[in-house]
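Here the structure is a predicted model, which is why all the values come from computation and not from measurement.
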Number of protein chains: 2
Amino acid sequence: MNVTIYDVAREANVSMATVSRVVNGNPNVKPATRKKVLGTIETLGYRPNAVARGLASKRTTTVGAIIPDISSIFFSELARGIEDIATMYKYNMILSNSDQNPDKELTLFNSMLEKQVDGIVFMGGKISEELLQQFEKSPVPIVIAATVQGTGDIPTVAIDYEQAAYEATNLLVSHNHQHPAFVAGETEIETNNEKYKGYLRAVTEHNVEVKQEYIVKSTNTYDAGLKAAQQLAELSDRPSAVFVSSDEMALGVIHGFQDIGLNVPEDIEVVGYDNTRLATMVRPTLSTVVQPTYDIGAVAMRLLTKLMNKEEVTDKNVTLPHRIIERNSTK
Amino acid sequence: MNVTIYDVAREANVSMATVSRVVNGNPNVKPATRKKVLGTIETLGYRPNAVARGLASKRTTTVGAIIPDISSIFFSELARGIEDIATMYKYNMILSNSDQNPDKELTLFNSMLEKQVDGIVFMGGKISEELLQQFEKSPVPIVIAATVQGTGDIPTVAIDYEQAAYEATNLLVSHNHQHPAFVAGETEIETNNEKYKGYLRAVTEHNVEVKQEYIVKSTNTYDAGLKAAQQLAELSDRPSAVFVSSDEMALGVIHGFQDIGLNVPEDIEVVGYDNTRLATMVRPTLSTVVQPTYDIGAVAMRLLTKLMNKEEVTDKNVTLPHRIIERNSTK
DNA sequence: CTGAAAGCGCTAACAG
DNA sequence: CTGTTAGCGCTTTCAG
């Protein structure tokens, strides 16, 4: 049998309540008794049972994080931001992968509520109507990170995906490419849609007729980027610039062009999105949209701590700044 | 107030025990009552409280994972393996980053025990004496993944790091490089030490005198690889082949050489370690040691489920197979 | 500053 | 097949 608060109380000749007080740092304890209790805690090797505590206090100091795929370079950085701040505020994090599967998201959400988490950070592609409803009647606060929610009113931390894409496309336009191409990840993912909108806005703004063959919709992988580049290169009127919806795809695009003898940026300029570590791990180094991934996670978790603490939060929707960083994949 | 098992019992005109039985899938319930209970669970929107359940049953169906850094491409893949199997066996995973800091590892370990996790998967660089002692008197099973433990006797899942490094170096030797160079990550990390040993064994086996300047000890980052390449290239008798202790560093090494006009593999061959996704995201593509990262995580978690279940486990130390994959960074 | 006592919501014998 | 009854280990009033 493990040593319990009761054992400590008996051994130290105090009540359970007093032991509980010193364990929880309650100031209403005479220094002498505090010291005595601390001593017997030490000798007995007492370790508080967080489950019992959670049942009694209705707070578990545990948060849930629903993430599409922790092995993705983008999301793992987000997760790190969440976890760091969670730890800073003494929370543990239950992490689950959803693969952006709506059913799984629902299941995970409910499973986390059963575990009595104090709050949840959600990341996903698209928030289904049903999930949104569940979010809205959630007994604990939820923060959505790096994810676009359509109709809902859940606190969110993200950047302006549309505007950033607009600016990235415009960088290319300003380099005398009237009509850059666009390589997109899954369009079921709302952030990708926003990027698409921003791209379109930049292109159409210059009175260009949009060439559908310049828009490649695919999946967010390196290999898809590789293929997209091939496809674009084969066009009779090959584009001279490409905006890609993620760094990983952009690396694929760059290599796809290089593999068939095209030079980046001389023959074709490329801009990515996210500024993951990959952006500097390629030659030429990648010009890209800086999305402060780690910070999004950190800010989302910080916001969640406030919500869990029932603190006044003036702005439940925070939009973090983005910028474009020019490296060598553009001139 | 939330709806409890008691509410369901009253509403369904049965006892708490019966409700508990149907919730837990206990077969000793008449189909008719089961149906009735399920019905009122539905209408009342009852959601079992896992914390109360954990307190009563002394099982939380939660495991802990201590990981150096989830944002690392290597560890995030490991984590995905762990989480997938955890989910498969109905466990949740509490994930914490240690940054390989011994104090943090100790703290995290104890914090997870307080949370009453049913088991722990540990990944790290080096297991401190104190941590090992704590592991040995842990009340719940622990599995060590992708980590070399010195003296301890804790169940472990890994590959033979030394042998794999030996083979990788030998591949280079067989390509007529008598004395390949070695670029190593932190030597405080035991797996790196094993790689070093394997490298040395291959080199000395051929009666070569080891040139200390061919051994670059650094940190496991892309930038460190970049610098290491420069350093090696400046040597009066530049090596003609390099074995690198991780893919990420290897990418840096390749680019470091390329940046000063050297060609890989013509002027210098490069072999990496891990076969992360990075290995194919570089030109030339990287020859590397295949470490089944995801599988290590998956197998470790599977082993942990058996241990938690008190099943008979014949082999507490599993060594997964490795192999060398030749791509274009070698001839 | 300290103690007594009543739960938190559930499981697990045990009895029938 | 079902109900009764103790707890699990801790927090939290409420008194004093």
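- In this structure, A/Leu113 places its CG atom 16 Å from C1' of C/dG9, rounding to the nearest Å.
- One can place CG of A/Leu55 at 12 Å from C1' of D/dG7, the figure rounded to the nearest angstrom.
- For the OP1/OP2 pair of C/dG3 and a distance below 4.0 Å, the side-chain nitrogens and oxygens of A/Thr18 include at least one atom meeting the criterion.
- Between A/Lys58 and A/Asp118 there is no salt bridge, since no side-chain N of the basic residue sits under 4.0 Å from a carboxylate O of the acidic one.
- Few gaps surround CD on B/Glu311; more than 12 heavy atoms of other groups in view lie less than 6.0 Å from it.
- Partner of A/Val3 under the side-chain contact (heavy atoms from CB on, under 4.5 Å) criterion, chosen from A/Ile41, A/Val8, A/Thr40: A/Val8.
- We find that CZ of A/Arg34 is positioned 13 Å from C1' of C/dT2, with the value rounded to whole Å.
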Per-nucleotide protein contact along nucleotides 11-16 of chain C, 5' to 3', at a 4.0 Å heavy-atom cut-off (B base, S sugar-phosphate only, - neither), is BB----
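- Looking at residues two or more places apart in sequence or on another chain, you find a side chain to side chain donor-acceptor pair (under 3.5 Å) between A/Glu194 and A/Lys197.
- With a 6.0 Å radius and a threshold of 12 heavy atoms from other residues, nucleotides or ligands, A/Asn309 has its CG atom above the threshold.
- If one axis is set at each end of the helix from C/dC1-D/dG16 to C/dG16-D/dC1 from five pairs, those axes are 30° apart, to 10°.
- When rounded to the nearest whole Å, the span between CZ of B/Arg47 and C1' of C/dC10 equals 16 Å.
- Summarising the geometry, the separation between CZ on A/Arg59 and P on D/dC10 is reported as 17 Å, rounded to the nearest angstrom.
- Using a distance-only test at 3.5 Å, with no hydrogens or angles considered, a donor-acceptor pair links the side chain of A/Thr87 to the main chain of A/Glu83.
- Between B/Thr33 and the phosphate of D/dT2, there is a side-chain N or O to OP1/OP2 separation shorter than 4.0 Å.
- Across the protein-nucleic acid pair, B/Asp7 atom CG and C/dG9 atom P stand 9 Å apart, rounded to whole Å.
- Around CD of B/Glu130, the count of heavy atoms belonging to other residues, nucleotides or ligands within 6.0 Å does not exceed 12.
- Going from atom NZ of B/Lys58 over to atom C1' of D/dC8 covers 5 Å, rounded to whole Å.
- Nucleic acid contact for B/Val51: none, since no nucleic acid atom lies under 4.0 Å from a heavy atom of the residue.
- Ion pairing between a basic and an acidic side chain is recognised when a charged N comes within 4.0 Å of a carboxylate O; B/Asp84 and B/Arg302 show no such pairing.
- Atom P of nucleotide C/dC10 and atom CD of B/Gln116 are separated by 19 Å, given to the nearest angstrom.
- Salt bridge B/Lys126/B/Glu190: present, at least one basic N to carboxylate O contact under 4.0 Å.
- Picking from D/dG9, D/dC1, C/dT2 the nucleotide with the shortest atom distance to the side chain of A/Asn49 gives D/dG9.
- Counting non-hydrogen atoms under 4.0 angstrom, A/Asn28 reaches a base of the nucleic acid.
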